[in-house]
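Single-structure report; data block below.
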Amino acid sequence: LAFRGTDSLTNVITDLKFVSAKLSAYFDGVSGDFDLQCHQGFLDMLRTQYDAITEALSTRMDRPLRVTGHSMGAGLACVFSYLYAIKNKSATQPTETITFGSPRVFITGSRAVYNMVVENCFTVITDRDPVPQLPPVALGFEHIGRVITLFENAGILFRPLQKADDRRLRSAGVNVA
């Protein structure tokens, strides 16, 4: 499942909705510790597509699901993977979510819960791309998953799960090496 990036003025407006909102304000079946806050623009856009996407996926439940996207599509892929995993516990979960040039999507403090629910999420960014720097950290947004930063002159930096993520995963019964 691939989400496309920004390709219109309407999409740019969606990208710039830097306020956050709880998932439960947009989607039923999200509550408690799993009701994370994220980028409102992505919630607005995904709400119009979510049911059609999940209906299309319902015909292929026996096959692995890989979710990807670039730029705005990366933000949508992150939100979709999380929602799909918590709303469809009996369905095949995304086996991988790999995004490219993703903006920051979730509010600071969401990373451990997100990573517990979406176990194989990789966020690939480059040091020269301005999109992954938005929304600003000062507004309380953060990247989720395992962040892989490609530097033009210095190689690759892979940020593994943080210690807090490890503790949260262990307390949920996940074996962390």
Side-chain angles (χ1 to χ4, degrees), residues 1-23 26-27 30 34 36-50 52-54 56-57 64-88 93-152 156-162 165:
L1 173 64
F3 290 89
R4 68 164 174 73
T6 303
D7 76 346
S8 69
L9 180 58
T10 302
N11 290 164
V12 171
I13 293 167
T14 296
D15 292 341
L16 296 175
K17 285 186 182 175
F18 288 166
V19 295
S20 66
K22 289 220 174 232
L23 292 167
Y26 289 80
F27 298 94
V30 181
F34 296 103
L36 302 181
Q37 282 191 264
C38 68
H39 188 291
Q40 183 180 350
F42 299 137
L43 291 175
D44 286 338
M45 183 167 276
L46 189 59
R47 177 172 49 184
T48 66
Q49 303 170 13
Y50 185 82
I53 295 169
T54 56
L57 291 175
L65 176 60
R66 291 179 179 85
V67 182
T68 192
H70 172 258
S71 190
M72 178 188 71
L76 292 169
C78 290
V79 177
F80 176 84
S81 293
Y82 181 78
L83 281 170
Y84 191 77
I86 62 174
K87 290 171 64 76
N88 299 285
Q93 301 301 314
T95 56
E96 294 174 325
T97 300
I98 303 173
T99 65
F100 300 90
S102 180
R104 295 181 182 107
V105 181
F106 287 86
I107 291 297
T108 301
S110 302
R111 190 167 186 247
V113 174
Y114 185 98
N115 291 349
M116 181 176 65
V117 172
V118 183
E119 295 176 13
N120 292 311
C121 179
F122 299 89
T123 301
V124 180
I125 60 176
T126 66
D127 65 333
R128 302 278 180 172
D129 185 354
V131 172
Q133 306 309 315
L134 299 172
V137 171
L139 294 180
F141 288 86
E142 70 180 344
H143 286 292
I144 46 77
R146 292 161 181 90
V147 178
I148 301 167
T149 305
L150 307 176
F151 292 93
E152 183 176 331
I156 299 172
L157 172 67
F158 176 77
R159 186 178 79 188
L161 292 175
Q162 297 172 347
D165 295 331

Checklist line | Side-chain donor or acceptor of His39 paired with backbone N/O of Pro135 under 3.5 Å | finding: no

Next item on the list: State which residues pass side-chain hydrogen bond (donor to acceptor under 3.5 Å, both in side chains) with Ser20; sequence neighbours excluded, sorted by chain then number.
Entry: Gln37

Checklist line | With Thr48 via side chain to side chain contact (heavy atoms under 4.5 Å, CB included) - residues at least two apart | finding: none

Note to self: Once rounded to the nearest 0.5 Å, what's the spacing between atom OG of Ser81 and atom CD of Glu119?
What the structure shows: 12.5 Å

Check: So, do Phe27 and Leu43 sit near enough that their side-chain heavy atoms are less than 4.5 Å apart?
Finding: yes

Next item on the list: Using the test side chain to side chain contact (heavy atoms under 4.5 Å, CB included), find all partners of Ser110 that sit at least two apart in sequence or belong to another chain.
Entry: Leu36, Phe106, Ile107, Glu142

Next item on the list: Identify, with sequence neighbours excluded, every residue that meets ring pair (Phe, Tyr, Trp, His ring centres under 6.0 Å) alongside Phe3.
Entry: Phe80

Next item on the list: Find out whether Phe100 and Thr126 are in side-chain contact, i.e. whether some heavy atom of one side chain is under 4.5 Å from a heavy atom of the other.
Entry: no

Note to self: I'd like to check Val118 versus Val67 (side-chain heavy atoms, cut-off strictly below 4.5 Å). Are they in contact?
What the structure shows: no

Next item on the list: Check whether any side-chain heavy atom of Tyr114 lies under 4.5 Å from a side-chain heavy atom of Val105, and answer yes or no.
Entry: no

Item checked: Pairs involving residues 128-137, ordered by first then second residue, that meet salt bridge (charged side-chain N to carboxylate O under 4.0 Å, His left out) (sequence neighbours left out) -> Arg128-Glu152

Next item on the list: Would you confirm whether Thr68, through its side chain, and Ala2, through its main-chain N or O, come within 3.5 Å as a donor-acceptor pair?
Entry: no

Next item on the list: May I ask you to decide if Gly145's main-chain N or O and Arg111's side chain share a donor-acceptor pair within less than 3.5 Å?
Entry: yes

Notebook entry, point to check: Do the non-hydrogen side-chain atoms of Phe34 and Leu23 ever get within less than 4.5 Å of each other?
Noted result: no

Next item on the list: Hey, could you give me the CG/CZ distance between Leu1 and Arg66, rounded to the nearest 0.5 Å?
Entry: 12.5 Å

Checklist line | Distance, nearest 0.5 Å, that separates CG of Leu83 from OG1 of Thr54 | finding: 10.0 Å

Margin query: Minimum heavy-atom separation for Gly75 and Pro103, please, with both atom names.
Written below: N-CD, 4.3 Å

Notebook entry, point to check: What's the shortest heavy-atom distance between Cys78 and Thr99, and which atoms?
Noted result: SG-CG2, 3.8 Å

Note to self: Test your reading of the model: is there a side-chain donor-acceptor pair from Arg104 to the backbone of Gln133, 3.5 Å cut-off?
What the structure shows: yes

Check: So which pairs with a foot in residues 2-14 pass salt bridge (charged side-chain N to carboxylate O under 4.0 Å, His left out), sequence neighbours left out?
Finding: Arg4-Asp7

Margin query: Restricting to non-hydrogen atoms, name the atom on Leu65 and the atom on Tyr84 that form the minimum distance, rounded to 0.1 Å.
Written below: CD2-CE2, 3.8 Å

Notebook entry, point to check: Does the Tyr82 side chain pair with the main chain of Val113, one donor and one acceptor, at a distance under 3.5 Å?
Noted result: no

Next item on the list: Pick out which of Ser102, Cys121, Cys38 makes a side-chain contact (heavy atoms from CB on, under 4.5 Å) with Ile144.
Entry: Cys121

